[in-house]
Amino acid sequence: METLSRADIESFSRSLDRARRVTVVSHTHPDGDAAGSTAALFSYISERRGKDVKVILPDYPSDTLLFLCDNVIFASDHAKEAEAWIEGSDLIILIDANELRRTEQLESLIRASSAQRILIDHHVGPERESFSLVFSETEVSSACELLFWILMEMPDIKADAAALPHDAARALLSGMTTDTNNFANSVFPTTLEMASRLLEAGVDRDDILDHLYNRYRENRIRSMGYMQSECMRITPKGAAYMIVTKEIQERFDIREGETEGLVNVPLAIGKVRISILLKEDEGHFRVSIRSKRGTSARELAKSRFHGGGHEMASGGKLYFPEDIPSPTDAAAYIENVTDDFLK
Ligand SMILES: [Mn+2]
């Protein structure tokens, strides 16, 4: 990848050489890119660099991603262990998040540590001031892709994907696959080149697809059908929205990550320009936004939902009672802001 600087690569490699104990972290509600990129860093740093390394994630991903999480400390139920590991680390790498606050409860521990901090990310607006070394590239599919191209430059890999630990290669292809929605969006020439090199190196893509897409619970599929049939609203200006209330989550026993992908579905409708999914949580809704070209999901997320992300795939939050008096006011809020936003 031409935009990677030789000096940064060398500096990263030296930091890995010097480190005794390494922490790899990513964002809360980890997706496939977070799980895949942290798993790949783990395999590379432990197997190729022989370092003591652990992945710490703030909480659990969906069950279908657990095949990437063999070496993870989940801080949500192992807080003491996570804290001790971070405190004893001299190198902390944040990947697939542009800001430390995306690690939620881990942020204060990371800020309190004297360890060197490195950021590897593909979102807009990296928090440069909190890291001594930053790899930030938005013209890639995923953090997994950016990491792949960084690893290709490493002196022990020498641009040979077959020299990656097998688990790292598999994790990289997995995370890139989920962030591109299985090659449906954010695909760059470098993305296909990465996929090609990993397949050539022997990664079993069919096995990855089976893990990612063929192991859902029946409830997830039934709830998605219900949401599309009964809960999707489309405004005259082409905003589609679905509100997954606490009541619906309980009725279908919806678990973490099980609404993943649902926000993309309404974009298949011709008149829909932007799709918004709200999932009720404690005191707020988690908001996912996807848009078609020419409409900015990021702008809407930034201006109305305290969020941000990518141009056509963003997220944020809607708080009650701060933004809306109560959860039942969410539909009216969405209709108002989208009517104003979609001129
Ligand atoms: Mn990502």
Side-chain angles (χ1 to χ4, degrees), residues 1 3-4 24-42 44 55-62 64-69 72 93-104 106 118-127 131 134-151 168-188 190-192 194-195 198 208 211-213 256-257 259-264 277 286-291 297-298 301-302 307-316:
M1 173 158 289
T3 51
L4 290 174
V24 175
V25 287
S26 191
H27 58 81
T28 184
H29 308 309
D31 58 4
D33 196 26
S37 61
T38 53
L41 270 173
F42 175 89
Y44 173 73
V55 175
I56 300 181
L57 294 175
D59 52 9
Y60 285 87
S62 68
T64 54
L65 294 172
L66 288 176
F67 76 105
L68 297 168
C69 297
V72 176
I93 305 171
L94 173 64
I95 189 159
D96 195 35
N98 59 350
E99 299 174 309
L100 274 175
R101 73 184 169 102
R102 299 276 285 116
T103 67
E104 298 217 347
L106 302 177
I118 296 176
L119 177 66
I120 301 174
D121 188 43
H122 69 121
H123 298 89
V124 183
E127 181 185 345
F131 298 85
V134 174
F135 292 94
S136 169
E137 177 60 66
T138 55
E139 299 288 295
V140 290
S141 60
S142 53
C144 278
E145 183 184 332
L146 178 55
L147 177 59
F148 173 84
W149 292 114
I150 292 169
L151 294 179
R170 182 173 86 139
L172 290 169
L173 188 61
S174 301
M176 180 266 270
T177 300
T178 59
D179 251 26
T180 59
N181 224 332
N182 201 7
F183 297 89
N185 49 255
S186 338
V187 173
F188 295 81
T190 49
T191 315
L192 295 172
M194 165 195 178
L198 288 172
I208 289 173
H211 271 95
L212 293 176
Y213 301 121
E256 184 58 46
T259 53
E260 188 75 42
L262 181 57
V263 67
N264 296 306
L277 182 86
R286 275 150 65 182
V287 183
S288 303
I289 308 176
R290 301 289 181 272
S291 61
R298 177 167 62 228
K302 221 169 82 182
H310 306 289
E311 183 62 13
M312 294 188 282
S314 283

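We're numbering straight along the sequence, starting at 1. In listed order, ligands and their atoms are each counted from 1.
At least one donor-acceptor pair under 3.5 Å links the side chain of E127 to the backbone N or O of L100. Within the 3.5 Å criterion, the main-chain N or O of V25 finds no donor-acceptor partner in the side chain of T38. Distance alone, capped at 3.5 Å, is enough to place a donor-acceptor pair between the D33 side chain and the A143 backbone.
Taking 2.8 Å as the criterion, D31 does not count as a coordinating residue of the Mn ion (ligand 1), since none of its N, O or S atoms falls below it. Contact annotation: H122 places an N, O or S atom under 2.8 Å from the Mn ion (ligand 1). Among the backbone and side-chain atoms of D121, none of the N, O or S atoms lies under 2.8 Å from the Mn ion (ligand 1).
A side-chain N or O of T28 and one of D59 form a donor-acceptor pair less than 3.5 Å apart.
Residues R170 and H211 meet the side-chain proximity criterion, which asks for heavy atoms closer than 4.5 Å.
Atoms OD2 of D179 and OD2 of D33, as seen from the Mn ion (ligand 1), are separated by an angle of 80°, to the nearest 10°.
Nearest N/O/S atom of D96 relative to the Mn ion (ligand 1): this is OD1.
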